[in-house]
Amino acid sequence: MSSVFTKIINREIPSDIVYEQDNLIVIRDINPIAKTHLLIIPKKEIVTVDDIDEQDRDLIADMFFTAKKVASNLGITWAYQLHFNVWKEWWQEVMHIHMHLTSNK
Ligand code: AMP
């Protein structure tokens, strides 16, 4: 079964899409914990950080470059936090790797 994020990527369910490129998408979190709360999501359905392997190097780097780019586009350069939740039993709700970008600016 595909993840909720794959369904968003495939336009099967709606989302507020901020940015998209060939290998990832950026959406607004449906339940924001900050004034700005984005999710940077690879289109490849990797479960969590523990499941990253060598062939994902460029993709993971692209997540960081994209965080920098969207932060700049939103005018929050130098004023945001990035985090990953990695704990299947509790913190991580969606089993499809994603980087949170939050800012109260
Ligand atoms: P995590 O706990 O790291 O797995 O975070 C998953 C995040 O995905 C949470 O902050 C949720 O609010 C968010 N989320 C879940 N479903 C959706 C959705 N359909 N659209 C946007 N964000 C979502």
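We count ligands from 1, going down the list as the structure has it; atoms in each ligand are counted the same way.
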Exam field: side chain Glu45 to backbone Ser3, donor-acceptor pair closer than 3.5 Å = yes
Residues two or more places apart in sequence or in another chain: which of them pass side-chain contact (heavy atoms from CB on, under 4.5 Å) with Asp50?
-> Thr48, Val86
List by chain and number: which residues place a heavy atom under 4.0 Å from ligand 1?
-> Val4, Phe5, Ile8, Ile27, Arg28, Asp29, Ile30, Asn31, Leu39, Asn85, Trp91, Gln92, Glu93, Val94, His98, His100
Sidechain-backbone polar pair: Asp53 side chain, Gln55 backbone, donor-acceptor under 3.5 Å = yes
May I ask you to decide if Leu38's main-chain N or O and His98's side chain share a donor-acceptor pair within less than 3.5 Å?
-> no
Check: Ser103 side chain, Thr36 main-chain N or O, donor-acceptor pair, under 3.5 Å | no
Do Val18 and Arg28 come close enough that some side-chain heavy atom pair is under 4.5 Å?
-> yes
